[in-house]
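The structure appears right after this line, and notes come after that.
Remember, predicted model here, so these are calculated numbers, not experimental data. Residue numbering restarts at 1 for every chain, and letters A, B, ... go by the order of the sequence lines. Basis for what follows: all heavy atoms, side chains included, without hydrogens, waters or symmetry-related copies.
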Amino acid sequence: MILEFIEAEGVGPFSGKVRVGPFSMGINVLSAPNESGKSTLIKAAARALFDRYNCKDEQIKALQPAGTSLSPRVSVVFETGKRKFKVEKTFLNAQGVNLWEWKAEKWMPIAESDQADLRLNELLRSKHPARGASNAVHWGLFGYLWARQGDPVTWPDWKDEAQAGQLIQSRLARVQLDPLIEKLCRNIWAEYLQIFTATGLPKANGELKRAESELLKLDQELNVVCERMKQIDDLQSRYVALCAEIDLLQSETITKAEEAKQIREAAQQAELISAELRGLEGEYQTFGSRLNQIHQDFQKLNELKVSVVEFQKCVKERQQRMVVEIQKEAEFKKQIRNHELMLSQEQTAFENSQKELDKIRLLLKWRDQQDKITELEGLLHKAKLLQDEISAIKLKRDQMPEISSKQLKTMDELVRTTRERSLQLEALGLSIQIIPKNPSTAKVLQDGTESMLEIPAEGLNLRARQSVELDLDGWGIIQMRSGAREVAALQEQMKKAEDDLQKLLETIGVRSSDEARREFEKRTELEQQLKMNEATLQQLLEKWESVEKLNSEVNQRKLQQEILNSRIQGAPSTLSLAELEASEQKLEILVQSRHAAVKELTDQLAAQRRNAEIFSETLRNLEREILDAQAALQRCEVQIQEISSRYQAGMEAARNEAQAAFVQAEARFQEKRKKLPPEHDKLPERNRRITKAAEELAATLEQKRRDMNKLEGQLAALGSEGLYSRETELVEKRQEAEQAVEAAQSRGWALRIVHDLFLYRKHAATRSVLGPLESRLSTAFAEISGDHHRKVFLDDQLQIAGIGSGSGDLVDFQCLSQGAKEQLVLALRLAVACELSTDEPQVLVLDDVLVNTDSMRQQRVLDVLQNAGNQLQVIILTCHGDRYRGVGKMIKIADQ
Amino acid sequence: MIHGLPMKFFHSADWQLGARFAQFGAKAAGLREARLRTLKAALKSAHDKHADAFLIAGDLFENNQVEDSLVVQTLRCFAEFPDLPILILPGNHDPYTGPGCVWSRPCFSQKSSNVSLLLNAASVSIADACVLASPLTQKRSMIDPSLALVELSRSVPAGKIKIGVTHGSLAIPSSHEPDDFPIALKAASRAGLDYLAVGHWHNWLVHEDGRLVMPGTPEPDRFGCSGGIAFVQIDAPGAVPRIEKICLHSMTWEDFTFDFLNLAESKLKLKRLTSEFQGQPEKLVLRITLTGSISPALLHETKLWLEREFAGMPYVQVVDQSIPALSEVEIQQLYSEHQLAGQILNDLARMEQLLLGHSAPCPQNENPISLNDVQVLLGNAKIDFTRLKPSHLRLARDILLQRIQESKI
């Protein structure tokens, strides 16, 4: 729809008739001051187009000029569907509406009153509200294309009463709306919600939930029945097993009873035979004992006879051995006597040799002692001389002044200081250059010293410390004196040094420093000599600590020598030392050999004596053995006599008789024994055991029978409950319930799938065009903002989500500045208008919408609007006419 | 039996009284009652034919734990024919397991004197014949129960007709399970029997030139049962038995395939079938399987027709195996009018493919839904993908098409 004219009378500030228009395609700027009625005229036009003529809502009344009761009358000429219409509507008191169509160059009435309003709805795809005045949600497309002054800067909800929003939305998203399918989808959803909740759970008290509850209940009942049937099966199995077990036990009982009987009988028989056997065994053992006794006697007799022979033989043999041993002993004793004699001789020789050796050794010792005394006496003499010399040096040293090296150093230091200060004084003192006409002499008095000075012709430089007095020939005396302060200080220092030196010299006891040095050197020399002599003396003395100790040693040795003299009894041997040493060596060997011989003889003698002792012992033993054998022989003969006396008829006959009796008794015993049953000794225990087992078996069998009876009772009770029939009934009911669940669930799922597929396809279509639409919006916004780096993002509902360089750094629409918001909404409104204008031209009303937009962006907005003006009718309402100068067509409100 | 006249007896088995018919839910009680009615009819028939005995070769009851009231009702039926000796052998469904089994119920202590329970391997004399019984005492076994008859047969005096009775499957290769009481195919001749009455399988079966008969269940319990009751006459020992199959079933089980390929003919045949049960609709157990491809609208219409047609029949079940298909024109129209619906149909088809493990989408589907999107979509709806079946997706498609159809109307 586009507008051509708006006429109003009795509306807002206009009591009279006013007119705006004609509006053209492209931009139309309606510029007028504030409160001049620009927006009121557009509102009035909207009321005329979209409200019932007989509406008396406050919104309609608000159209009346303030303080009047005039009936607002509005006439709008518009084009839609390539046809031109005019509506003239009067509200309130003189209410009425007429609708004309421009045909054949004139206005042709087509409807009036309610018909006219309904026709308008059809033409403009709008909808009247149920009651009261309309608002933007009823105005169809115009609701989205009119940016009203003062409205919030947001895009309206797409869900409007006239469903124009959905139409626009689908147009933007290129989704063809299908009202039939939309309705069908809603119905399907409503039907689904009868079965399931929106989250896909069975709805409480719904068809599915009821069926499921029934099914659950039946399942529970069925479980109980199944459990009981299973119980029957279990009992049945137990019963079958128990029957088999009882059969087994019964047959076992019979077997056991038979076995017990056999064992009992065998045990009784064994008991009788055993009693008889015990009697036979006594007889058998008696005969056995008799026979055994005879056997033992017989054996003993034989043994005694053998022993007698043995003992006789033994006595004879011992007696022979004794004779031999006695002979050997006599011979051995003779040998011992010889050895004793030899030992005595050898012992004497050894003692003589030993004495001779001792004498030679004493002589050698005497000689050695004598040499040592001589040597020590020489050493003592030398030591005494050296000791005297050391004493003399010490005396000489003690007479010299004692100067320490420190004192000497101090003295040198003082001399050096005195000299240095003197030189310094000289340097600081006077310098006199004397150039005579002819060589001459002069007397010089300097520092209290007078001297003569030769002055050559070429001149002389004379230096003095503090003063100098010259007695020059022809001139007389010339006195020169220095008054410098440093000189005084130096003199003072020098004086102090000289005083200190003098004191030190006095302390040492010398006159000058040179003398002190000389004395020090001499003393040092004496000290060195003394040390050397002392070292020599120490070397001479060696192990002795002093000369006195050396002397004592010499005296002691001399005393020892005296003792040795007395021991060797007389004058010392005339033999030389070498002869003495040779004799000693020779005697040492002789003594050793003789000592070895003595030892050997002693050992041999001891061994022979031990052997002699053994011989004696052997003889004694033999003697004893002979006596023992003779006694044993006698005893054997007594025993033989005793045994033989027992058997008057002879031993052999007695033995044969006993042997026959024993064999007969044994045969009787063995015969009886064979009659015992096998393992007869275990029979009583077996009998007890099998009796007990039979009792236990009987008890077990009884218990099992009781169990079986109990099982029979349980089975009979459970079996007659008719559980299968009950189960059948439940299973059949369950089948029905299951079918009901299946049917409800299938239906619900089918409905949900259809519904969700519808949404899926619709959403998919929306998503497929969202990108291009975002691009279009982004381009428009970039042109307005001048920032080509940001994109505009839409959400699934085609609402502006925000702007940013990517979806990750999106700035939410609500967080944008007011200016940016109004520019974005304008861009979307423009996109909507452009989209809708592809079918027919559309009017876009911008009522002072760029209040927060700066002048630069406003110019850019105008550029964008100008571009869109080819396919749109844009009506701009503004109180800033200057800003739109030169833009589009200027429209004025004209009084009629 | 009068000496010189042939021995006549009814041989039945597998009555399965108290059987379960879960697929019929609460209506199953009627089917159980029908079995008792048939039993009574069979007893009456035997009585009318002056049968010497009425043999039940196992599985009189479905289970050992059937309700007491059923046992009492059964015994009352037997008591109504006191002159007819009734010999009952326990089968694998109601084996004689001792206490707790149906045969040990107290009510059997008051059974009528014409009823004999063959609870042990033993012989019973009926007129000039000797009935040798080998009952089952457990539910499964690999031992041939007819082997016991060989030993029993030896003790039968010469000149007597030897009738064996046992329960088990015939040892036909690949037709029986090894632990299902396999009975040798020559069991009758092996034991020297004139006739071996066997029960177990529910279809009619004759072997060994009529000496070994398995009559099947007298009252069908599933579709395709061919069981009945054998009326046997044996003239003398060694004579070939004369066998007559008697069908006395109360219910008729019919499995009807309703092919949409020829809709009119299918309807006609169905009408013809049901017309036989005019007046007694409760005697027909009918399963109608819808097959072939059909448009949603026509399917809807057909289902409504079936509902109307079988409104009074309690045992009619409709199994829809049809393939809802749109004609080319319908598809094009749907796409042009409701593009979104067309896309959803494609998505449903693709989901079915994914469910069946086909990875490649249809070439016509330009923008197929991905497996990941399907999983997300189902996850949001808390639908377990592993529990989703193609039938759910077909239902979704039916709902969508049906709603579009309805909205147009």
Test: A:Glu742 and B:Lys389 ion pair at under 4.0 Å: yes

Any side-chain heavy-atom pair of A:Glu191 and B:Arg403 under 4.5 Å: yes

Heavy-atom closest pair, residues B:Gly98 and A:Tyr239: CA-CE2, 4.4 Å

Note, B:Ile369 side chain near A:Arg761 side chain (heavy atom, < 4.5 Å): yes

Contact class of B:Gln138 relative to chain A, heavy atoms under 4.5 angstrom: neither

Contact origin within A:Glu732 toward chain B - heavy atom pairs under 4.5 Å: both

Selection from A:Val240, A:Thr199, A:Leu751 maximising heavy-atom pairs under 4.5 Å formed with chain B: A:Thr199

Part of B:Leu393 lying under 4.5 Å from any heavy atom of chain A: side chain

A:Tyr760 and B:Asp373 side chains, donor-acceptor separation under 3.5 Å: yes

CG/A:Leu201: more than 12 non-hydrogen atoms of other groups inside 6.0 Å: yes

Chain B contact via A:Arg734 - which portion, at a heavy-atom distance below 4.5 Å: neither

Heavy-atom pairs under 4.5 Å with chain B, option from A:Glu727, A:Lys733, A:Arg747, A:Met229 with the top count: A:Glu727

pair A:Asp756-B:Leu378: side-chain heavy atoms closer than 4.5 Å: no

Within 6.0 Å of CG in B:Asp384, more than 12 heavy atoms from elsewhere: yes

B:Arg397 side chain vs A:Ala750 backbone, donor-acceptor pair below 3.5 Å: no

CA sep, side-chain torsions, deciding dist, call: B:Gln343, A:Leu757, side chain to side chain contact (heavy atoms under 4.5 Å, CB included): CA-CA 9 Å; B:Gln343 278 178 326; A:Leu757 281 174; over 6 Å; no

Toward chain B, the part of A:Glu712 with a non-hydrogen atom under 4.5 Å: both

Contact summary for B:Ala22 and A:Val731, nearest pair of heavy atoms: CB-CG1, 3.8 Å

B:Phe24 vs A:Gln735 side-chain heavy atoms within contact, under 4.5 Å: no

A:Glu729/B:Arg32 ion pair, N-O < 4.0 Å: no

B:Leu400 side, atom CG; A:Leu184 side, atom CG - distance, nearest 0.5 Å: 6.0 Å

Among the listed options B:Asn380, B:Leu395, B:Asn64, the residue most often paired with chain A at heavy-atom distances under 4.5 Å: B:Leu395

Nearest-0.5 Å distance that lies between atom CZ in B:Arg105 and atom OG in A:Ser720: 6.0 Å

Side chain, backbone, both or neither of B:Leu345 within contact of chain A (heavy atoms, under 4.5 Å): neither

Top contributor to chain B interface from A:His755, A:Glu721, A:Arg752, A:Glu738 [non-hydrogen pairs under 4.5 Å]: A:Arg752

Contact class of A:Gln714 relative to chain B, heavy atoms under 4.5 angstrom: neither

Within 6.0 angstrom of B:Arg140 CZ, more than 12 heavy atoms from elsewhere: yes

B:Asn63 CG to A:Ser725 OG distance, which is reported to the nearest 0.5 Å: 8.0 Å

Full working for side chain to side chain contact (heavy atoms under 4.5 Å, CB included) between B:Val66 and A:Leu723: CA-CA 6 Å; B:Val66 291; A:Leu723 289 169; over 6 Å; no

Intermediate values then yes/no, side chain to side chain contact (heavy atoms under 4.5 Å, CB included), A:Leu718 and B:Gln65: CA-CA 8 Å; A:Leu718 281 169; B:Gln65 270 71 51; over 6 Å; no

Full working for side chain to side chain contact (heavy atoms under 4.5 Å, CB included) between A:Tyr724 and B:Glu67: CA-CA 7 Å; A:Tyr724 180 78; B:Glu67 60 197 331; over 6 Å; no

No-hydrogen, no-angle side-chain donor-acceptor test under 3.5 Å, A:Gln745 and B:Arg387: yes

Between B:Ile399, B:Ile383, B:Asp398, B:Leu70, the one whose heavy-atom pairs under 4.5 Å with chain A are most numerous: B:Ile383

Minimum heavy-atom distance B:Ala341-A:Ile181, with the two atoms named: CB-CD1, 3.6 Å

pair B:Thr97-A:Leu715: side-chain heavy atoms closer than 4.5 Å: no

Interchain contact, A:Tyr192 with chain B, by part (heavy-atom threshold 4.5 Å): side chain

